[in-house]
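First comes the structure, then the notes that go with it.
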Amino acid sequence: MPLTDTRVAVVGGSVAGCAVAVALRNAGCEPTVFERSRGELLDRGAGITMPVPVRDALVTAGYLDADLPTIPITAIDWLVRAPGGDGGRRVGEQPFPALATNWAVLWRALRARVPEGTYRAGRAVVAVAPGGPAVTLDDGSVERFDAVVGADGYRSLVRALLGSPVGPSYAGYVLWRGDLPQDASRWPITDRAVAVGFPRGHAVFYRMPDPAGAGERLNWGLYAPPPPGLTAGHAMSLPRGSLGDGLVAEVRRLAAEALPPVWAEAVRATPRSLLHVQPIYDQTVPAYADGRVLLAGDAGALARPHTGSGAVKAMQDALALERACREEDSWERAAARYDAERRTFGNALVEFGRALGRQRVEAVPDLARMSPEGFAAWLNASLDGQQNPYTPR
């Protein structure tokens, strides 16, 4: 077991970084996580969904507890705005067996498994030596390791060392997001999520656990063309609480025009402090690993959120890395095995996300005019015959 006790730098302490740290510790390695932020990362996400088999695999492997707060989803009801119908008219159903949780709940569960001495908050990595696993920190100090894993998100510093372009590609549209306390009398969602289709976009609504344990929240996301002034020049998302009056008015106007009144009200009722918007980017990568430098999560292949795979893929990356570290006899062999497995999957997921973006945002058909048979054919084509988008072909 030659990899046992090897020292590994993990760049980034979000979901991907914490999952990688758990994987490395499980395999007998000694990870050190460098996270530039000083506080808890509880405001960096909203609702996420994961397949039950993935949750079960993570519980079995010791990444998550079996009682992680989740809410089951069985299907998605697709609606359209209809005259006289406050809740919209149902045009079809998408089978969608999954568990909904909250990004903060997931991060907190993973972070709890990373010892304090292993997780260095407020320490930013500003350079990584190509091929030689050494990291330079923002105070100028240099630390050497046996390997480096870049888990530093979609603007990854480490990704560039593996031959990737400088930055990801802008898809030409954005995702508005928000959440608020769930009120079943106002937003009738049980074990079925709701999607609303409209020209050049769609919106999704589902229940998720409150990260503070205070009941449930209604999570929503709305894909649409970019608002005035928000283009590819905005390399980063605008986080919660940072939207000005113009952007707040824009998302409320869009919801009022595109969504049935019940669902438009959910957007309008979301406090400014909980509204955020992200330009959609994606990127394939030529490699997930090279020598002793590896990638995980969005630092690797970056898929659009339609695939529901951001946090899920990050944790699957971690599981694959743990297997490689347990079963191979050198970092070079472990990296090559990990690269072969995750690069193929990740790049296929990116292409699948692009196809979903074309069909559900860039060229949405007139769902209101579809027959049930027509909707089923469109759904089957958009998912390439799959039940859900978690596993690309």
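Every value quoted in this text rests on a predicted model; they were computed, and no experiment measured them.
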*For V125 and L137, what are the C-alpha separation, side-chain angles and deciding distance, and is it a side chain to side chain contact (heavy atoms under 4.5 Å, CB included)?*
CA-CA 4 Å; V125 172; L137 302 178; 3.7 Å; yes

*Please name the pair of heavy atoms, one in L259 and one in A203, separated by the smallest distance, quoted to 0.1 Å.*
CD2-CB, 3.9 Å

*Quick one: does D191's side chain have a donor or acceptor within less than 3.5 Å of a partner on P72's backbone?*
no

_A side-chain contact here means heavy atoms from C-beta on lying under 4.5 Å apart; do P365 and F375 qualify?_
no

*Taking side chain as C-beta onward, heavy atoms only, is P168 less than 4.5 Å from D282?*
no

*asked:* Check this for me, if you would: do R123 and D139 make a salt bridge, where the nitrogen-to-carboxylate-oxygen distance has to be below 4.0 angstrom?
replied: yes

_Is the shortest side-chain heavy-atom distance between R304 and R354 below 4.5 Å?_
yes

_Using a 3.5 Å distance criterion without hydrogens, assess whether the side chain of D65 forms a donor-acceptor pair with backbone atoms of D67._
no

*To the nearest 0.5 Å, what is the distance between CG (D5) and SG (C29)?*
8.5 Å

*asked:* Quick check on R272: does its CZ atom have over 12 non-hydrogen neighbours (other residues, nucleotides or ligands) under 6.0 Å away?
replied: yes

*4.5 Å side-chain heavy-atom contact, V8 and D146*: no

_Test side chain to side chain contact (heavy atoms under 4.5 Å, CB included) on R192 and E93; report intermediate values, then the result._
CA-CA 10 Å; R192 304 170 75 85; E93 171 190 297; 2.4 Å; yes

*Identify whether the distance between the nearest side-chain nitrogen and carboxylate oxygen of R200 and E362 falls below 4.0 Å.*
no

*Mind checking who shares a hydrophobic cluster with L175, ILVMFWY linked at side-chain heavy-atom distances under 4.5 Å?*
Y173, Y223, I280, V361

*Is it the case that W331 and T6 place a side-chain donor and acceptor less than 3.5 Å from each other?*
yes

*When rounded to the nearest 0.5 angstrom, what distance separates NE2 in H276 from CG in L243?*
9.0 Å

*Using side chain to side chain donor-acceptor pair (under 3.5 Å) as the criterion, point out the one residue from R337, R323, R333 that pairs with E328.*
R337

*Do K313 side-chain atoms and A301 backbone N/O form a donor-acceptor pair below 3.5 Å?*
yes

*Take R252 and E257, measure what salt bridge (Lys or Arg N to Asp or Glu O under 4.0 Å) needs, and give me the verdict at the end.*
CA-CA 9 Å; R252 291 174 177 172; E257 293 181 358; over 6 Å; no

_Spacing of L218 atom CG and F205 atom CZ [to the nearest 0.5 Å]_ = 7.0 Å

*With a distance cut-off below 6.0 Å to the six-membered ring centre and an angular limit of 45° from the axis, does R7 pair with F145 as a cation-pi contact?*
yes

*Between G17 and V33, which heavy-atom pair has the shortest distance, and what is it?*
O-CG2, 4.3 Å

*Give a yes or no answer on whether the side chain of H306 reaches the backbone of G353 with a donor-acceptor pair at less than 3.5 Å.*
no

_In the structure I gave you, are the side-chain heavy atoms of W78 and R90 within less than 4.5 Å of one another anywhere?_
no

_Spatial distance of atom CD (E351) from atom OG1 (T307) [nearest 0.5 Å]_ = 12.0 Å

_Please say yes or no: joined through hydrophobic side-chain contacts below 4.5 Å, possibly via intermediate residues, are Y170 and L222 part of one cluster?_
yes

*Please examine the side chains of Q283 and N347, heavy atoms only from C-beta on, and report whether any two atoms are closer than 4.5 Å.*
no

*From R108 CZ over to L68 CG, what is the distance, rounded to the nearest 0.5 angstrom?*
10.5 Å

*Between R358 and V364, is there a donor-acceptor pair closer than 3.5 Å when you use the side chain of the first and the backbone of the second?*
no

*Kindly indicate, with the supporting measurements, whether the criterion side chain to side chain contact (heavy atoms under 4.5 Å, CB included) is fulfilled by I48 and T101.*
CA-CA 6 Å; I48 63 171; T101 189; 3.5 Å; yes

*asked:* To check you understand the geometry: which heavy-atom pair defines the closest contact between L157 and A127, and what is its length?
replied: CD2-N, 3.7 Å

*Looking only at heavy atoms, which two atoms of A104 and N102 are closest? And how far apart?*
N-OD1, 2.8 Å

_Stepwise salt bridge (Lys or Arg N to Asp or Glu O under 4.0 Å) test for R240 and D179_ = CA-CA 11 Å; R240 296 181 182 210; D179 61 274; 2.9 Å; yes

_Pi-cation contact, F345 with R342 (under 6.0 Å, within 45°)_ = yes

_Hydrophobic cluster membership, with links at side-chain heavy-atom distances under 4.5 Å among I/L/V/M/F/W/Y: are V285 and V350 in one?_
no

*May I have the step-by-step check of salt bridge (Lys or Arg N to Asp or Glu O under 4.0 Å) for R186 and E265, ending in yes or no?*
CA-CA 9 Å; R186 299 172 71 185; E265 169 60 18; 2.9 Å; yes

*Salt-bridge test for R25 and E322: reply yes if a basic N is under 4.0 Å from a carboxylate O, no otherwise.*
no

_Sub-4.5 Å side-chain heavy-atom contact between L79 and R89_ = no

*Considering all heavy atoms of both residues, which atom of A100 and which atom of P209 are nearest to each other, and what is their separation?*
O-CD, 3.6 Å

*asked:* Do L64 and I71 land in one hydrophobic cluster if side-chain heavy atoms of ILVMFWY residues count as linked below 4.5 Å?
replied: no

*F34 and D152: side chain to side chain contact (heavy atoms under 4.5 Å, CB included), yes or no, with the steps?*
CA-CA 9 Å; F34 297 97; D152 47 342; over 6 Å; no

_For R113 against G62, the heavy-atom pair lying closest together_ = NE-O, 2.8 Å

*Give a yes or no on whether the backbone of P305 and the side-chain of S309 come within a donor-acceptor separation of less than 3.5 Å.*
no

_Same apolar cluster: V105 and L274, side chain cutoff 4.5 Å_ = no

_Backbone of D56 reached by a side-chain donor or acceptor of T60 within 3.5 Å_ = yes

_When you compare the side chain of V196 with that of P260, does any pair of heavy atoms fall below 4.5 Å?_
yes

_Quick check: W220 with W187 (ring centres under 6.0 Å apart)?_
no

*Got a sec, which residues hit side-chain contact (heavy atoms from CB on, under 4.5 Å) with A151, two or more places apart in sequence or on another chain?*
V10, A16

_Can you tell whether the side chains of R217 and D183 come within less than 4.0 Å, N to carboxylate O?_
no

*Distance, nearest 0.5 Å, that separates CE of M208 from OG1 of T49*: 12.0 Å

_Between Y119 (side chain only) and A21 (backbone N and O only), is there a donor and an acceptor less than 3.5 Å apart?_
no

*Do other residues, nucleotides or ligands put more than 12 heavy atoms under 6.0 Å from R253 CZ?*
yes

_Hydrophobic cluster identity match, V126 and V149, side-chain contacts under 4.5 Å_ = no

*asked:* Can you tell whether the side chains of D298 and R159 come within less than 4.0 Å, N to carboxylate O?
replied: no

